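Presented below is the structure to which this report refers.
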Amino acid sequence: QVQLVESGGGLVQAGGSLRLSCAASGSSFSIGAMGWFRQAPGKQRELVASITSGGTTTYVDSVKGRFTISRDNAKNTVYLQMNSLKPEDTAVYYCHVNWRRLTNYRYLEVWGQGTLVNVSS
C-alpha cells in the first residue's frame, strides 16, 4: 500500500507564496500521474493541477501563471509552488496519486490527508 504525507500549508497574506509537498511511501510500487485538488468551504473539490509521469502538466484556469506543479521521481514527491496567492485560493489542498504495484498493471489511487491553505486579504 502507498501512503502520502503532505506538508507546507499555512496562513499567508494575499500576494504571498507557499510551497506544498506530498511524499509517497511504500514498497514495490510505481507512480503514475500526480495532482493537487482543493476544496473550499461549501464548494466541491476541484482539480488544481496535475502532472503525468512524463512531466506533462495541466492547470485549472484560475491558477494558470501563478501555480507550478512539479515532481521528483527519485523522491516520489510532488510539489505545488503557489505564488501571488489570493483569498479565493483559501481551501484544504489534497494530494492525489495514481500508483500500481510492480507486479500488476492496474492503477489505484490514493489521497493525502489534506493541508489547509489560508490566504488573508
Side-chain angles (χ1 to χ4, degrees):
Q1 187 72 316
V2 168
Q3 294 183 324
L4 304 179
V5 176
E6 299 180 26
S7 61
L11 175 64
V12 64
Q13 288 188 330
S17 298
L18 284 175
R19 188 192 195 208
L20 305 183
S21 300
C22 172
S25 63
S27 61
S28 303
F29 67 97
S30 176
I31 291 180
M34 309 177 85
W36 291 94
F37 287 71
R38 68 185 178 187
Q39 187 165 19
K43 294 187 176 181
Q44 288 189 332
R45 189 173 297 189
E46 67 170 350
L47 175 64
V48 176
S50 66
I51 183 167
T52 67
S53 55
T56 300
T57 58
T58 59
Y59 299 92
V60 67
D61 286 346
S62 60
V63 307
K64 286 180 180 177
R66 300 188 297 121
F67 291 11
T68 302
I69 189 170
S70 61
R71 61 191 286 169
D72 184 333
N73 291 327
K75 296 181 179 180
N76 292 323
T77 300
V78 62
Y79 306 96
L80 186 67
Q81 178 66 45
M82 304 183 293
N83 298 328
S84 302
L85 282 160
K86 303 176 180 180
E88 51 263 43
D89 294 317
T90 294
V92 177
Y93 284 69
Y94 297 91
C95 175
H96 177 269
V97 170
N98 290 314
W99 68 279
R100 66 175 179 87
R101 296 180 177 86
L102 295 180
T103 56
N104 193 322
Y105 286 106
R106 174 171 165 258
Y107 275 92
L108 305 172
E109 61 177 4
V110 60
W111 291 89
Q113 79 278 13
T115 184
L116 177 63
V117 172
N118 192 346
V119 185
S120 63
S121 58

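Being a predicted model, the structure only gives us computed values, none of them experimental.
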(request) State, yes or no, whether a side-chain contact exists between E6 and W111 at a heavy-atom distance under 4.5 Å. (result) no
(message) A side-chain contact here means heavy atoms from C-beta on lying under 4.5 Å apart; do T77 and M34 qualify?
(response) no
(message) If hydrophobic clusters are built from ILVMFWY residues whose side chains come within less than 4.5 Å, do V63 and V92 share one?
(response) no
(request) Determine, using the 4.5 Å side-chain heavy-atom cutoff (strictly less than), whether V119 and F67 are members of one ILVMFWY cluster. (result) yes
(request) Check whether any side-chain N or O of S30 sits under 3.5 Å from a backbone N or O of L102 as a donor-acceptor pair, and report yes or no. (result) no
(request) Test Y79 against T68 for side chain to side chain contact (heavy atoms under 4.5 Å, CB included), laying out the working first. (result) CA-CA 8 Å; Y79 306 96; T68 302; over 6 Å; no
(request) Supply the atom-to-atom distance I69 CD1 to L80 CG, rounded to the nearest 0.5 angstrom. (result) 6.0 Å
(message) Is it the case that the side chain of Y94 and the backbone of Q39 share a donor-acceptor pair, with hydrogens and angles ignored and the cut-off at 3.5 Å?
(response) no
(message) I need the N98 CG to R106 CZ distance, nearest 0.5 Å.
(response) 11.5 Å
(request) Step by step, work out the side chain to side chain contact (heavy atoms under 4.5 Å, CB included) result for F37 and Q44. (result) CA-CA 10 Å; F37 287 71; Q44 288 189 332; over 6 Å; no
(request) Heavy atoms only: give me the nearest A49-Y59 pair and the separation to one decimal. (result) CB-CD2, 3.6 Å
(request) With rounding to the nearest 0.5 Å, note down the distance linking CZ in R38 to CG in L20. (result) 11.0 Å
(request) Keeping the roles fixed (side chain from Q3, backbone from S25), state whether a donor-acceptor pair exists under 3.5 Å. (result) no
(request) Give a yes or no on whether L85 and V48 share a hydrophobic cluster (residues Ile, Leu, Val, Met, Phe, Trp, Tyr; joining criterion: side-chain heavy atoms under 4.5 Å apart). (result) yes
(message) Is there a continuous path of hydrophobic side-chain contacts, each under 4.5 Å between heavy atoms, that joins L4 to V117?
(response) yes
(message) Any heavy-atom pair between the side chains of Q81 and S17 that's under 4.5 Å?
(response) yes
(request) Assess whether salt bridge (Lys or Arg N to Asp or Glu O under 4.0 Å) is satisfied between D89 and K86, documenting all intermediate values. (result) CA-CA 5 Å; D89 294 317; K86 303 176 180 180; over 6 Å; no
(message) For L116 versus A91, what's the shortest heavy-atom pair and its separation?
(response) CD1-O, 3.6 Å
(message) On a heavy-atom basis, which atom in V110 and which in V2 lie closest, and how many Å separate them?
(response) CG2-O, 3.5 Å
(request) Search all heavy atoms of I31 against all heavy atoms of S53 and return the closest pair with its distance. (result) O-CB, 4.2 Å
(request) Could you tell me which non-hydrogen atom of W36 sits nearest to which non-hydrogen atom of Y93, and how far apart they are? (result) CE3-CB, 4.4 Å
(message) If I take atom CZ from residue R71 and atom OG from residue S50, how far apart are they, to the nearest 0.5 angstrom?
(response) 10.0 Å
(message) Applying a strict under-4.5 Å side-chain criterion to I, L, V, M, F, W and Y, I'd like to know whether L108 and F29 cluster together.
(response) yes
(request) Provide the closest heavy-atom pair for V60 versus E46 in the form atom of the first, atom of the second, distance. (result) CG2-OE1, 4.1 Å
